[in-house]
Structure formats: C-alpha cells, structure tokens
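Sharing a structure here in structure tokens format.
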Amino acid sequence: MTETPQLEILDLRHFSAAQLAPLLRDEATRWRDRLQWDYTKATHLLLEYLDGRILPGFVALYKGRVAGYAFCVYEGEKAVIGDIYAFDETGGQSNPICETLLQHTLEMLQATPAIDRVESQLLMFPAGALHGPFLSRGFQAFPRLFMMCDLHASPLTQSASPTKLTSGFRIQAWRPEFYDPAANLIHRAYAGHMDSGINDQYRTLHGAQRFLHNIIRFPGCGSFDAQNSWVIRDARTLSIEGLILCSRVREDIGHITQLCISPGIQRHGLGHILLEHCARGFVQDKVTGLSLTVTEANSSALALYQRNGFKTLHRFEAMVWDDKSSS
C-alpha cells in the first residue's frame with residue numbers, strides 16, 4: 001500500500017495514554033458489539049503501559065489526528081504483535097491504515113537482531129484481511145474460528161444430570177496448587193500438535209508455564225474464573241490428566257481459554273465431561289453464552305464443539321513467521 005501524504009507513521013512511545021484513549025475506547029466498543037466481549041479491563045491495562053512509554057509500536061496520524069496504532073511485545077528471540085487498530089477499520093477486507101501500520105511493524109521486527117520468530121493473532125480482522133503485508137514477508141496463515149454457544153440451548157445443559165466420569169478418574173474445581181501440574185499437562189498435550197506451530201509456548205514446559213500465567217493473571221482473555229474451571233485427576237496417582245480453564249469476558253459471557261486432555265486418554269469423552277461441567281456451572285451463575293477459539297484444521301476439537309452447540313461467529317487467522325524453519 002502507498003501511504004497518502006496526509007498519513008504519518010510515528011513511534012508509539014512518543015504518545016501518552018490520553019492521546020490514545022479515544023481510539024482504544026472505540027476499539028472496546030467494537031469488541032463488545034461484534035464479539036460480545038467487554039474489553040474494558042484490557043484497555044485500562046494497556047493504557048497503563050502506554051503511559052509508561054515502554055511498548056514498541058507505531059501510531060498513524062491522519063491530517064494530524066490519531067487514526068490508528070500498533071504495538072508488539074518481545075519475548076526473548078520471539079516477538080508477538082499485540083494489536084493493530086484504526087478508526088473505521090477491522091470490519092472487512094479493506095484496512096489501509098492498519099495495513100500501513102502492519103507493514104512498518106513487520107519491517108521493524110524482521111530487522112531486529114536476534115528476533116527469528118514473529119507471531120500474531122489479530123482476532124478482530126476477518127480471514128484474508130491483512131494477507132498483503134503478512135504473506136509478502138513470508139508469514140504462514142493458520143485459519144481459526146471464534147465460536148459461541150447459547151448455554152440455554154446447548155446439549156451440555158439439557159440433561160437432568162451430568163455425564164458420569166469414567167471409573168478411575170475424579171473431577172475437581174481449579175485450585176492454585178494445580179498450576180505446575182497443569183502446565184505440565186498442557187506441554188504434553190500439545191507435543192507435535194498443530195497449535196504448537198501457532199504458539200511456540202506449548203513446545204516447552206517453561207513456555208506452558210508462561211502461557212498459563214498469562215491467561216490466569218492478565219485480562220487479555222478475560223478475567224480468570226476459577227469457580228468454572230475444572231481438572232480431571234487420576235484417582236490413584238492424583239496426576240492431572242485433563243483440564244478446562246475459563247474466564248469471564250462479560251458479566252453474562254464466559255470464554256474457554258484452554259481445554260486439553262492427556263494424549264494417552266484422548267477420545268474417551270473426557271473433553272465432553274469438562275465442557276459439561278463448566279457449562280452447567282456458568283448457567284448457575286446466570287451466564288448465557290460461552291465462547292472459544294479453535295484452529296479450523298483441528299477437526300476433532302471442532303466436531304466436539306459443534307456437537308455441543310457451538311457455532312462459528314467469526315473466522316480469523318493466526319500468522320507466524322519462523323526464520324529458523326525457513327532457513
């Protein structure tokens with residue numbers, strides 16, 4: 001895309017939270033209207049970071065006024081594009097300001113010494129919307145789905161009693177002491193899985209611990225809901241063999257941030273049981289909807305969700321550039 005003379009791209013760290021606040025409020029409104037997601041807490045946290053002038057990124061000025069922004073985060077030898085947004089964009093395939101911001105961001109990241117991997121999941125953009133900048137710079141696209149379930153109409157909540165757990169296992173609500181064994185399960189469950197190509201945190205135990213820390217401690221995926229998060233444990237060894245972690249993205253909307261089963265006992269209905277427990281708990285808490293994201297090519301997980309009343313609300317893409325794998 002050719003930049004117009006009225007569009008200036010400047011360093012994000014030159015701008016205060018107050019200057020970016022109207023843009024972020026507009027973005028929060030779009031999250032609410034399109035994905036039923038209350039983005040207020042995440043917005044407040046981001047504004048704190050912006051006032052610290054520590055986030056690398058860019059701001060687009062159109063005729064001297066803030067029109068859009070982009071930021072990224074460095075994690076060792078990897079960078080993650082945190083967000084790109086502009087007024088009146090993200091709803092379709094034409095996003096000229098966001099494309100310009102993305103182009104500048106990718107140029108910066110791929111020119112940064114020691115950065116050999118860049119990940120991005122810009123949930124608000126429909127699949128294909130930012131293909132130009134990404135694909136021209138060697139990124140691989142992984143189509144993903146944002147799905148939503150009406151809990152009052154779902155098979156998960158229709159039977160008089162929940163499905164009985166297989167003999168030899170027990171189900172328990174989340175407790176803080178489950179943190180390390182849960183990270184171990186996540187690492188084991190995603191070994192060789194397609195999603196470890198999207199998020200390399202799954203590839204190591206340390207990365208899985210960091211992933212777990214992020215979804216429990218930070219509001220990017222909503223406020224963690226321990227009461228409606230569950231683990232399945234081996235009744236003899238007490239090892240964690242399955243888990244479902246949930247957050248609250250709005251007072252009446254839940255979100256599944258993680259669902260995984262130990263590789264040795266998959267396809268035995270444990271995923272359904274975990275879904276059922278969290279769905280029934282949410283209904284008791286007057287939650288009406290439950291959302292999640294899933295990789296489109298993950299056919300077994302997709303089939304599980306569809307059987308239980310989840311419907312695709314939005315199709316987006318994860319984008320990955322890995323210089324080590326391409327060299």
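The figures that follow rest on heavy atoms only: side chains count, while hydrogens, waters and symmetry mates do not.
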| task | Using modelled atom types only, decide if a donor and an acceptor are shared between the side chain of Asp285 and the backbone of Val287 within a distance under 3.5 Å. | result |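 Side chain of Asp285 to backbone of Val287, a donor-acceptor pair under 3.5 Å: no, none is there.
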| task | Can you measure from CG (Leu212) to CD (Gln258) and round to the nearest 0.5 angstrom? | result |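 If I round to the nearest 0.5 Å, the distance is 8.5 Å.
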| query | Is it the case that more than 12 heavy atoms not belonging to Glu177 sit under 6.0 Å from its CD atom? | reply |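 Buried by this count: over 12 neighbours within 6.0 Å.
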| said: Do Leu23 and Leu45 sit in one hydrophobic cluster, given that two such residues count as connected whenever their side-chain heavy atoms are within less than 4.5 Å of each other, even indirectly? | reply: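 Leu23 clusters together with Leu45.
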| Beyond-backbone contact of Val231 with Ile171, side-chain heavy atoms, under 4.5 angstrom |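 A side-chain contact is absent here, since even the closest heavy-atom pair is not under 4.5 Å.
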| field | Nearest-0.5 Å distance that lies between atom OH in Tyr305 and atom CG in Leu275 | value |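 Rounded to the nearest 0.5 Å, the OH-CG separation comes out at 6.0 Å.
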| So, are Glu107 and Arg137 salt-bridged, with charged N and O less than 4.0 Å apart? |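 Result for this pair is yes, salt bridge flagged.
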| message | Ignoring hydrogens, what is the shortest heavy-atom contact between Leu12 and Ala70? Give both atom names and the distance. | response |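 It is CD2-O, 3.7 Å.
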| request: Would you mind telling me which of Leu165, Leu243, Ile244 makes a side chain to side chain contact (heavy atoms under 4.5 Å, CB included) with Ile232? | output: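 The residue from Leu165, Leu243, Ile244 that satisfies side chain to side chain contact (heavy atoms under 4.5 Å, CB included) with Ile232 turns out to be Leu165.
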| Are side-chain N/O atoms of Asn184 and Arg188 paired as donor and acceptor at under 3.5 Å? |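 Per modelled atom types, Asn184 and Arg188 side chains form a pair under 3.5 Å.
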| Hey, is the main chain of Ser239 close enough, under 3.5 Å, to the side chain of Thr237 for a donor-acceptor pair? |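 Yes; at least one donor-acceptor contact below 3.5 Å.
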| message | Quick check on His152: does its NE2 atom have over 12 non-hydrogen neighbours (other residues, nucleotides or ligands) under 6.0 Å away? | response |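 Counting neighbours around NE2 of His152, more than 12 heavy atoms of other residues, nucleotides or ligands fall under 6.0 Å, so yes.
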| message | Is there a side chain to side chain donor-acceptor pair (under 3.5 Å) between Thr40 and Arg32? Walk through the geometry before answering. | response | CA-CA 9 Å; Thr40 305; Arg32 182 196 66 207; over 6 Å; no
| field | Other residues, nucleotides, ligands: >12 heavy atoms within 6.0 Å of Arg65 CZ | value |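 For Arg65, atom CZ is not crowded (no more than 12 foreign heavy atoms under 6.0 Å).
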| task | Please say whether more than 12 non-hydrogen atoms of neighbouring residues, nucleotides or ligands are located less than 6.0 Å from CZ in Arg175. | result |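 Yes, because the 6.0 Å sphere around CZ of Arg175 holds more than 12 heavy atoms from other groups.
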| request: First locate atom CG of Leu274, then atom CG of Leu304, and finally report the distance between them rounded to the nearest 0.5 Å. | output: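 Rounded to the nearest 0.5 Å, the CG-CG separation comes to 10.0 Å.
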| task | For the pair Thr157 (side chain) and Ala153 (backbone), establish whether a donor and an acceptor sit closer than 3.5 Å, ignoring hydrogens and angles. | result |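 No, because the side chain of Thr157 does not come within donor-acceptor range (under 3.5 Å) of the backbone of Ala153.
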| said: Counting neighbours of OH on Tyr179 that are heavy atoms of other residues, nucleotides or ligands and sit closer than 6.0 Å, is the number greater than 12? | reply: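 For Tyr179, atom OH is crowded (more than 12 foreign heavy atoms under 6.0 Å).
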| query | Could you give the distance from CG (Leu106) to OG (Ser136), rounded to the nearest 0.5 Å? | reply |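 Here the rounded value is 7.5 Å.
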| query | Does any N or O in the side chain of Asn95 come within less than 3.5 Å of the main-chain N or O of Gly92, such that one atom is a donor and the other an acceptor? | reply |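 Yes, because the side chain of Asn95 sits within donor-acceptor range (under 3.5 Å) of the backbone of Gly92.
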| Same cluster or not: are Leu156 and Met147 linked, directly or through other Ile, Leu, Val, Met, Phe, Trp or Tyr residues, by side-chain heavy atoms under 4.5 angstrom apart? |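 Result: yes, single cluster for both.
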| query | For the residue pair Ala182 and Ile240, what are the closest heavy atoms and their distance? | reply |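 Scanning both residues completely, I find the closest heavy atoms to be N-CD1, 4.2 Å.
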| query | Is Ile261 reachable from Leu302 through a run of I, L, V, M, F, W or Y residues, each pair having side-chain heavy atoms under 4.5 Å apart? | reply |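 Yes; tracing contacts between hydrophobic side chains, which count when under 4.5 Å, links both residues.
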Name the atoms and distances for all side-chain donor-acceptor pairs under 3.5 Å in residues 311-320, with sequence neighbours left out.
from	atom 1	to	atom 2	distance (Å)
His314	NE2	Leu123	O	2.7
Arg315	NE	Glu296	OE1	3.3
Arg315	NE	Glu296	OE2	3.0
Arg315	NH2	Glu296	OE1	3.0
Glu317	OE1	Gly128	N	3.0
Glu317	OE1	His131	NE2	3.1
Glu317	OE2	His131	NE2	2.9

| query | Looking just at side-chain N and O atoms, do Ser291 and His255 make a donor-acceptor pair shorter than 3.5 Å? | reply |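 There is such a pair (donor and acceptor under 3.5 Å, judged by atom type) between the side chains of Ser291 and His255.
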| request: Can you tell me which residue pairs pass the ring-ring contact (aromatic ring centres under 6.0 Å, His included) test with a partner in residues 229-251, sequence neighbours excluded? | output: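 Passing the test, one end in residues 229-251: Trp230-His277.
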| Okay, side chain of Thr295, backbone of Ala297: is any donor-acceptor separation there less than 3.5 Å? |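 Checking the backbone N and O of Ala297 against the side chain of Thr295, no donor-acceptor pair under 3.5 Å is found.
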| Is a side-chain donor or acceptor of Thr112 paired with a backbone partner of Met108 at a separation under 3.5 angstrom? |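 Side chain of Thr112 to backbone of Met108, a donor-acceptor pair under 3.5 Å: yes, one is there.
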| message | Could you check whether any side-chain N or O of Asp51 sits under 3.5 Å from a backbone N or O of Ala17, counting only pairs where one atom can act as donor and the other as acceptor? | response |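 Yes, Asp51 side chain to Ala17 backbone: donor-acceptor pair under 3.5 Å.
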| message | Please verify the inter-ring angle class for Tyr202 with Tyr190; under 30° counts as parallel, over 60° as perpendicular, anything in between as tilted. | response |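 Correct class here is parallel.
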| task | Report whether Leu61 and Ile97 are members of the same hydrophobic cluster (ILVMFWY, side-chain heavy atoms less than 4.5 Å apart, transitive linking). | result |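 Each belongs to a different hydrophobic cluster.
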| request: May I ask you to decide if Trp174's main-chain N or O and Ser229's side chain share a donor-acceptor pair within less than 3.5 Å? | output: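 A pair under 3.5 Å: no.
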| Applying the 4.5 Å side-chain criterion to the ILVMFWY set and letting contacts propagate, would Tyr85 and Leu10 be lumped into a single cluster? |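 Yes, same cluster.
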| task | List the atom of Phe224, the atom of Cys246, and the distance in Å for their closest heavy-atom pair. | result |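 The pair with the smallest heavy-atom distance is CD1-O, 3.4 Å.
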| When you check the gap from the basic side-chain N to the acidic O, do Arg117 and Asp323 get nearer than 4.0 Å? |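 Salt bridge absent between Arg117 and Asp323.
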| query | Is the shortest side-chain N to carboxylate O distance from Glu27 to Arg25 below 4.0 Å? | reply |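 No.
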| How many angstroms lie between atom CG of Asp252 and atom CD of Gln36, to the nearest 0.5 angstrom? |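 If we round to the nearest 0.5 Å, Asp252:CG and Gln36:CD are 7.5 Å apart.
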| Does Ser196 offer a backbone N or O that forms a donor-acceptor pair with the side chain of Arg203 under 3.5 Å? |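 It does hold such a pair.
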| query | Closest heavy-atom contact between Leu151 and Ala279? | reply |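 Closest pair (atom of Leu151, atom of Ala279, distance): CD2-CB, 3.8 Å.
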| task | Could you tell me whether Lys78 and Asp116 have a side-chain N and a carboxylate O separated by less than 4.0 Å? | result |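 Salt bridge absent between Lys78 and Asp116.
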| query | Does a side-chain heavy-atom distance below 4.5 Å link Ile81 with Phe134? | reply |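 Yes; the side chains approach each other to less than 4.5 Å.
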| Working for side chain to side chain donor-acceptor pair (under 3.5 Å), residues Arg280 and Ser159 | CA-CA 10 Å; Arg280 288 171 177 267; Ser159 62; 2.6 Å; yes
| said: Checking the side chain of Gln93 only, and the main-chain atoms of Leu130 only, is there a donor and an acceptor separated by less than 3.5 Å? | reply: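 No; zero donor-acceptor contacts below 3.5 Å.
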| task | Kindly assign one of parallel, tilted or perpendicular to the pair Tyr39 and Trp31, based on the angle between their ring planes and the thresholds 30° and 60°. | result |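 Ring orientation, 0 to 90° scale: parallel.
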